[in-house]
Every structure is written in C-alpha cells, then in structure tokens.
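Here is the structure we will look at.
Heavy-atom basis, side chains included; hydrogens, waters and symmetry copies ignored. In this chain, numbering begins with 1 at the start of the sequence shown. Just so you know, these numbers come straight off a predicted model, no measurement behind them.
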Amino acid sequence: MPDITSPTPGRRPLQLKILVPLFHSDRFHRILDLIAGSIPSIHCHYFFLHVTDSTDAEQIADIYQDIHLHASRHIQPGGFSIRISEGDTLKTVLDSADASGANLILVPYAHSMIPTRFDNLKIVRDLLRKSHVPLIFLPDPHGTTRTYVPVRNILLVSNSRFISRKALADAFRTKRLLDARLHIALKSGKRTERENRSRIDYAIHRYLTRAECNEWSPSTLSMKNMISLAACIRNSDIDMVIVDDCRSEFAGPNHSWRGLYRFIRHMDRPVRVTRSYDQLAFVERKYRNVFNRLSGYELAESATSSRPILSEGTEVLRSGSELLFGIYSRNGIMNILQRYGLNQDLESAGYRDIEIDLDTGDPFRQRIRIFPGTEGPPIPLVDVILRRSNTPGSPETVQSIPAVNGMFLVIEWLQLQDPLRKYHLDMIPLPGQDYPGLGLGWKALFLLKLMAERMGASGLCNFPQFYHTARIFQRYFYFASPEMHGRILALDRDTYPIHSGPVSWAVLHGLVVEKSQKQTSVFKWQSSLQILPLSAQLTAYFKSVEYRREVLKALKEFQFDINRNEFDRLESNGKLYSIPG
C-alpha cells in the first residue's frame, strides 16, 4: 500500500522551523544571544516576525535592517527569514506559523512582565489554545539575574494529576534533541502514582535508546501547585521547564489558564508549553459533525445516472450505475466531497473539475477512482480499493486478537497523488510514489473511518506495504500483533530524528540492522495487519494492560541501527531515493 502522507519530507534528516515573533527590536540582540547559547548546533531555520502598528516605510526599513544585522552575526546565511507585518497580534502570529510551516514558536518576554502585546490573559490563553505547534516562552536575559548556559537540565511539570502521553513524548524528544537530563514534577496523590509510573516507564523505552535508558535515572519531584514550584525552580539547576498543559484524556477541569499565565511570568528561564490544540482532532470532530448531518438520500442520490468520464483512447471504466457497498452513489460521493470541503482542497491544487468512477461489480471488493476533468491528465488523483470481510486476515494473522462478531472494512489499496506537481530539490519521492501527494492523507483516512462506521464494521484494516506508511497509520491503528507494534515503535525510536521517509528507503536498501536477544539480522519489511478498532470489544483489547505489556516487552527486546556510512554515500550519489536493483 503506497504512502498517503501530506507534505513530502525534506532531504535533511531533521529541520526545525522556528517562528520568533518580535515586539521590541531594541532587545533583539539579547534574545539572539540566548538562542545561540541554549539551542545546540542542529539545522534550524528561523522565521523572525515583527508585528508593528506603524505604516511608516522608513521605520519599517530601519526595523528590518536592525533585525538582519543582529541575525547575521549569530545565524548562518540562508538560515533565517524576516517578515514585518501589522494587524492583530494573535492572528498574525498564528497565520505566520501556518504559512511558514513552523514546528516551534519562541515567544520572547520580559522577566516578571509579559510585554504589552501579551499583557492580556485572553491573548495568552488563546495563543496556548489555538497554536497547534509547541510554544517556548523565552525570557529576556537582560531582565534576569541568571546567567544562561546551554540546556542541560529539563523539568517536566504536570498541570494535572495524570501526565499526558503527549507531554511525555514532548519531554523525552526534547531531552534527546538537546542531549539534556530530564526531571519530572508530579502532583501528589497515591491513586495516580501507579498510572504515572507506568506511563513514565513506557515512555522511557519508547523514546530512549537502550544505552540512554541505562544512563537515565528517574528523578521526580512532588508539588502542591505550579506557583509554589516556581520558587523551587529558581533556586535549582533547571535550565528549561516543560509544562504539561495539553488536553489529555484526564484533563477535564484541571486546566488553570490563569495559574499557567502567572507561572510563566514568574519564571526567569525558558518555559515550553506542550501544544494544547490538536489540528487532526479538530478536523476529525468537524468531519464527525458533517457525518451526523448527512442523510441516506444524499449518499444514494441519482444512483442510476451515468455519463462517460474519460477521453478517447484511455482505459474504459465501469459506468458506476450501482451503489458502492449498497450505500454510496457517484453523485453521493460528489455530495460528500462538497460537504466535507475536499472539493475546495482539490481546486486549490488545480483540479476544478473532477470525475468519479465506481467499480461495484464484486459485492465484496469495490473500487473508487477520482480523475481530473478534461483539462487534466487521465491519471487518477485518488484510487481506493476496499474489501468487506468477516475476517480481516489469515488465521495466523488474527490469532492474537479476540474473536469479534461482525464485519471488517479492509483497505487493499489507497493512492493519493498530484500528477500536475513535480518534485523539487527539497522533496523526495517516497517508496510507491510516482507523483507528489495531494496533502489529503489524514482527511481520506477520516472519511474511510466514517464509511466503516456507517457500514457497521467492527474495525478498519490495513496491510501497509512500506514502513513509513505503517508508521504514519500507527497514530490511529494498532498492529494485530503487539510484538510487531513494539518493533515499529523501537525502529522509530532508534532512528530518531531521521524522518520515516528516508528510513523507509534505508529499509528497502537493506541498511537497517535489527538486534534482539535471539539474533542480529538485516531488517526486511513484511506487511502485517493493522486495525483501527471501532467496536467496544476491539478498543478494549488494544488499550488493555495485556496488549500494552507485550508492546513494552518488544520495545525492550528489539534494537535497530542504520549503516550511516552507506546511507550517506547513497544519499550523496542520488541513489538512496530509488528502488534498489
């Protein structure tokens, strides 16, 4: 099954895109000193945004020149961009983060006094809520008595009795990126101690290599509230604080935006806030609302209509006069694309007119293809083959999952591609891709999930053809085999921070070595069953202690290495991103 990712990864193993909104250019050089001293020499690209109320062209030119002068002293040429804008502060920052593709926002502020633009609880709250990338509040070193050094000690502060999995992921990945020591502050409570300890143990083996696990000794602090902890931090050797304030499954009313606001403004060192806004969760909720409003008539509308859709000389397709799985007609699918906003996404990609073909000859195995109109090439933009089955795989494949009475919807093939686009220098083709992706992978997945629910399926199944596809799907899918689920997590852990795309190519070229207690061998990808559970029985199994225990066992047992010399040689020769042989 080919890749469905939206955007294609860059050639570099890791590239941080950091947005720095500025409101006081006179202390910009001090902020740069702090950035240069705190962030290691990894590849970063900075987007400096200065929000101003002035429309004076001369003043804007002076600000630009001042920022460029100071930035050039600390950052290599081509490593930063400058934008000067005016308007609403919050909207400008969020829009710039989306436009630049930033994956981190640094918010400079004066110690014990948030700048005028952020001296408003509502603005800070909305920034924390609406930003879908992590935030780091960076104090002005001129307003502190602390001498800044590179980050060596990080403290994770939980803002509720349970530490969210997202916060633990942020903390451990930051620890690896900065090569720092991690400490954890927990709210007291015997009921939650066991659950938190379990989550921490799981995160250690999921995000740290075996060598790092042996070196890392758990260090936890108990706290009554975040404000009382601020004084302790100022008197300790903590260089950065990570605040768990994302909306976890246990969050509820535990969030105190006012307390977090006071905590940040009283800190004299960087404070990173885990993202509280999940863009994919927002899209899924939006789709769920549309799903609940769609009627059966709209899905089966004009089911008997038929018209030719391809020009002469191309493949002859079926008329699509029957309903897909007895529910969806061709016009019904057009209604779905319109109601979910996918028509607008295709129009923005250059496809204003599309045609839909349904192959419903086999009642159990059916196909959907979406083609560009007469102006586009006769190449499908979307190609999906779905199978309805009472058993998602062979008996050997499903022996580990509980017996479930019901039907499964199996994705046999899924391809999303943009034939009008070409790969440029910063893009690489992924295994199985002939053209760049449409950037609609997650939206297509949510639609397939809702389709499976409407059909009454117990689960949505997938057999990923490549490692990167399995890694992407693993956000929502579980491997039927807990050992396989743990192996893929271990591969992602041991190859971090290399993107899953280049790792997938490395697997194809035989550059990944798998080590276990039994043997050491070259890792070869084998397609295995993944399930997105929809029934209560399956969901309970994949979230059970037994399944998680087996995943953790595999995480501890398996270890992976990449032959970096051969990896770099193939990449420099341009042979890495092509099928071997």
Side-chain angles (χ1 to χ4, degrees), residues 1-2 4 6 280-281 283-303 318 320-343 345-346 354 356-371 380-393 404 406-416 438 440-464 469 472-473 475-478 529-536 538-539:
M1 177 176 172
I4 65 162
S6 57
L280 290 182
V283 173
E284 189 172 12
R285 287 196 300 269
K286 177 183 175 182
Y287 278 25
R288 175 70 60 183
N289 293 334
V290 176
F291 171 80
N292 292 333
R293 293 194 299 266
L294 277 172
S295 65
Y297 172 78
E298 291 176 286
L299 300 178
E301 182 182 356
S302 302
R318 298 180 182 270
S321 59
E322 299 178 3
L323 297 177
L324 183 78
F325 292 118
I327 300 176
Y328 303 93
S329 68
R330 176 189 295 179
N331 284 2
I333 294 177
M334 289 292 292
N335 289 335
I336 289 175
L337 297 179
Q338 185 69 35
R339 294 286 294 275
Y340 285 99
L342 294 177
N343 269 355
D345 295 327
L346 292 175
I354 58 173
I356 297 175
D357 172 71
L358 301 182
D359 183 349
T360 58
D362 188 334
F364 298 101
R365 186 178 184 272
Q366 303 189 2
R367 187 176 191 177
I368 311 170
R369 286 191 282 189
I370 299 178
F371 288 84
L381 307 175
V382 179
D383 190 359
V384 187
I385 299 178
L386 303 172
R387 176 167 53 89
R388 182 168 49 184
S389 175
N390 292 329
T391 56
V404 178
M407 177 268 297
F408 291 87
L409 183 63
V410 182
I411 306 172
E412 288 194 353
W413 179 262
L414 175 59
Q415 187 175 44
L416 306 174
L438 281 170
L440 303 177
W442 291 118
K443 294 182 178 181
L445 176 61
F446 295 150
L447 286 181
L448 291 175
K449 176 185 176 182
L450 294 174
M451 176 186 289
E453 289 187 17
R454 193 176 293 275
M455 294 171 60
S458 299
L460 180 64
C461 303
N462 168 49
F463 291 87
T469 310
I472 293 167
F473 270 70
R475 174 162 181 158
Y476 295 99
F477 285 69
Y478 298 87
L529 172 63
Q530 280 184 309
I531 300 177
L532 193 162
L534 299 177
S535 67
L538 269 182
T539 302

Close side-chain approach of L299 to I333, heavy-atom, < 4.5 Å: no
Can you tell me how far apart CG (L414) and CG (N462) are? Round to the nearest 0.5 Å. 8.0 Å
Distance (rounded to the nearest 0.5 Å) between L445 CG and K449 NZ: 8.5 Å
If every non-hydrogen atom of G441 is compared with every non-hydrogen atom of L416, which pair is closest and at what distance? CA-CD1, 3.7 Å
Once rounded to the nearest 0.5 Å, what's the spacing between atom OG of S458 and atom CG of L532? 12.5 Å
What are the two closest non-hydrogen atoms of I354 and L381, and how far apart are they? CG2-CD1, 4.3 Å
Sub-3.5 Å donor-acceptor pair from the side chain of R454 to the main-chain atoms of F291, do we have one? yes
Check: I385 main-chain N/O paired with R367 side-chain donor or acceptor under 3.5 Å: no
Which heavy atom of D383 sits nearest a heavy atom of W413, and at what distance? O-CD1, 3.5 Å
Lys/Arg N to Asp/Glu carboxylate O, D359 vs R369, below 4.0 Å: no
Before accepting this row, confirm whether a basic side-chain N of the pair E453/R288 lies closer than 4.0 Å to the acidic partner's carboxylate O. yes
Nearest 0.5 angstrom please: L386 CG to F325 CZ, how far? 5.0 Å
Could you tell me if the ring centre of Y476 sits under 6.0 Å from that of W442? yes
Apply side-chain contact (heavy atoms from CB on, under 4.5 Å) to residues L538 and I531 and explain how you reach the verdict. CA-CA 9 Å; L538 269 182; I531 300 177; 4.2 Å; yes
Starting at CD1 of I368, measure out to CE of M451 and round the result to the nearest 0.5 Å. 4.5 Å
Please confirm whether F473 and Y478 have ring centers closer than 6.0 angstrom. no
Of all heavy-atom pairs linking P363 and R388, the shortest is O-NH2, 3.0 Å
Can you see which heavy atom on L409 is nearest to which on L448, and at what distance? CD2-O, 4.2 Å
Answer yes or no: is there a donor N or O on one side and an acceptor on the other, between the side chain of R330 and the main chain of L358, under 3.5 Å? no
Measure the spacing between OH of Y340 and CG of D345 and express it to the nearest 0.5 Å. 14.0 Å
E412 side chain vs R387 backbone, donor-acceptor pair below 3.5 Å: no
Among side-chain atoms of N343 and Q338, is any donor-acceptor pair under 3.5 angstrom? yes
